[in-house]
There are 2 protein chains.
Amino acid sequence: MQDLLFDFISKYVSLTEDEKNAIVSVDIFRSFKKGATLLREGQKSNDGYFVLKGCIRTYYILDGEEKTTAFYTEMEGLTPHCVINKTPSEYYISCLEDSILLVSNPEIEAESFEKFPKFESLCRVLSEELLAKEQINFDKFKTSSPEQRYLNLLQSRPDLLQRVPQHQLASYLGIKPQSLSRLRARIMEKNKS
Amino acid sequence: MQDLLFDFISKYVSLTEDEKNAIVSVDIFRSFKKGATLLREGQKSNDGYFVLKGCIRTYYILDGEEKTTAFYTEMEGLTPHCVINKTPSEYYISCLEDSILLVSNPEIEAESFEKFPKFESLCRVLSEELLAKEQINFDKFKTSSPEQRYLNLLQSRPDLLQRVPQHQLASYLGIKPQSLSRLRARIMEKNKS
DNA sequence: ATCGTTTCTTAACTTAAGTGAACGTTGTAA
DNA sequence: TTACAACGTTCACTTAAGTTAAGAAACGAT
């Protein structure tokens with residue numbers, strides 16, 4: 001399991017045995033059951049998550065409706081807004097599947113950055129990369145219709161369509177579950193003829 | 001003009017005179033005329049931008065149509081996706097107004113990070129913060145109707161509605177210019193009664 | 001000052017998403 | 001096993017956005 005992490009990190013920087021041991025020794029690998037809630041609206045937390053195995057999602061409850069806005073799967077990570085801003089969370093985080101997560105917080109990070117400046121470089125590069133990717137995703141969302149967004153997801157993250165319930169996918173696509181149903185039927189119809 | 005920058009930075013870290021001089025001495029402040037193009041589709045570039053004064057925008061040309069997806073105003077910065085990924089750019093960047101920008105690139109940054117590790121910390125914190133903010137914005141976009149998005153923009157960035165042409169605002173809101181016109185008329189109508 | 005372009009608005013029509021309700025299926029818990 | 005809740009689909013209806021076209025206003029360049 002740790003090897004997955006080190007393989008991932010090795011794309012960015014090369015770690016010495018010392019540095020690898022340092023990561024392992026802080027012992028921040030945690031298992032969660034499907035459905036477990038990691039963060040609730042209104043709650044303050046310092047925990048960031050990196051998915052080694054499984055899938056987690058962020059969602060809001062607006063007018064009593066659940067709105068899922070993001071999914072994180074293997075080798076994807078999330079530092080909640082409330083951690084960055086020291087404010088109560090606006091959204092929930094929960095596990096869609098049994099998951100193994102790396103759980104960190106600013107204190108752990110500060111310590112390790114002090115001992116291993118290389119870790120801070122890594123985090124800078126990672127978050128710059130994530131930011132650029134998030135901006136491209138946002139751009140694509142803005143410039144696409146719901147149908148295009150669905151087809152695009154089918155291309156770029158086909159696994160999600162299998163792992164995730166339709167009504168969560170719908171809000172992820174910015175539409176209602178009924179519209180997603182209809183849209184899928186429409187596409188089927190087109191492909192038939 | 002530099003004071004604006006140092007005021008901004010001082011919210012995150014405190015700089016010594018030495019460090020301030022280092023920033024000034026690299027001389028990366030640049031002036032641009034309204035309409036100037038900073039980056040074109042297909043082009044490779046290493047330049048990132050930080051707006052000291054003025055306004056820049058990113059836009060795509062899709063099916064011959066200009067789609068504006070982001071605006072950056074005073075004390076906001078952008079490292080284009082193509083810089084992070086070393087790929088040709090998918091979008092254009094141009095100046096909406098006469099602007100004064102801080103222009104940087106990975107080489108300058110690497111040098112300064114070496115001399116002043118504090119700068120790398122600053123950049124890590126800034127990009128983590130920007131990422132969290134971008135995610136919240138994206139979430140809000142997904143969970144809102146075009147009309148809500150317009151009203152929200154009216155609240156959160158009223159200056160943009162003054163500075164920016166309607167048709168650019170429209171694509172920023174994910175709709176057509178005609179729809180924005182109609183939507184505004186609809187809101188006016190509501191407020192009258 | 002004029003010409004031409006760009007920008008914004010309006011309108012009529014088309015298309016698709018939102019809404020509310022019904023129904024069958026699946027999954028869960030007593 | 002039954003009962004209930006959650007999920008996905010379908011339908012009829014409403015509302016709003018996309019499309020195409022036209023015209024008025026603002027802006028720039030000559």
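Residue numbers begin at 1 in each chain, while the letters A, B, ... track the order of the sequences.
The side chain of Arg186(A) places no N or O atom within less than 4.0 Å of a non-bridging phosphate oxygen (OP1 or OP2) of dT15(C). Residue His167(A) places at least one side-chain N or O under 4.0 Å from the OP1 or OP2 atom of dG8(D). OP1 or OP2 of dG18(C) sits under 4.0 Å from a side-chain N or O of Ser179(A).
Put simply, Ile100(A) and Leu96(A) are part of two different groups of oily side chains (I, L, V, M, F, W, Y) that touch within less than 4.5 Å, one to the next. In this structure, Leu52(B) is a member of the same hydrophobic cluster as Tyr12(B), with clusters built from ILVMFWY side-chain heavy atoms closer than 4.5 Å.
Aromatic rings from Tyr49(B) and Tyr72(B) are positioned such that their centres are separated by 6.0 Å or more. In this structure, Tyr60(B) has its ring center under 6.0 Å from that of Tyr91(B).
Contact annotation for Pro146(B): backbone-only contact, meaning every heavy-atom pair under 4.0 Å involves sugar-phosphate atoms and none involves a base.
Listed nucleotides: dT10(C), dG28(D), dG20(C). Nearest to the side chain of Gln178(A): dG20(C). Taking every side-chain heavy atom of Ala185(A) into account, dT10(D) is the closest of dT10(D), dG18(D), dA17(C). Set against dT19(D), dA17(D), dG8(D), the side chain of Lys176(B) has dT19(D) as its closest nucleotide. Of the candidate nucleotides dG18(D), dA21(C), dG8(D), dG8(D) has the atom nearest to the side chain of Gln166(A).
Where Pro165(B) and Gly174(A) meet DNA chain C, the nucleotide closest to each residue was compared, and Pro165(B) sits on the side nearer the 5' end.
Taking atom CG of residue Asp63(B) and atom P of nucleotide dT20(D), one finds them 12 Å apart after rounding to whole Å. For the pair Met188(A) CE and dT10(D) C1', the interatomic distance rounds to 15 Å; values are reported in whole Å. As a whole-Å value, the separation of Lys190(B) NZ from dA16(D) P is 7 Å. As a whole-Å value, the separation of Leu180(A) CG from dT19(C) P is 16 Å. One interatomic measurement links the two molecules: CG of Leu183(A) to C1' of dT9(D), which rounds to 14 Å at whole-angstrom precision. To the nearest angstrom, P of dT6(C) lies 16 Å from CG of Leu96(B). If you take CZ of Arg182(B) and C1' of dA17(D), they are 6 Å apart, rounded to a whole angstrom. Note: CZ (Arg163(A)) to C1' (dC7(D)) measures 20 Å, nearest angstrom.
Counted by atom type alone, Glu109(B) and Ser104(B) present one or more donor-acceptor pairs between their side chains at under 3.5 Å. Counted by atom type alone, Glu120(B) and Ser121(A) present one or more donor-acceptor pairs between their side chains at under 3.5 Å.
Relative to the axis of its first five pairs, the axis of the last five pairs of the helix from dA1(C)-dT30(D) to dA30(C)-dT1(D) sits at 50°, rounded to 10 degrees.
Checked by atom type and distance alone, the side chain of Lys33(A) never pairs as donor or acceptor with a backbone atom of Cys95(A) at under 3.5 Å.
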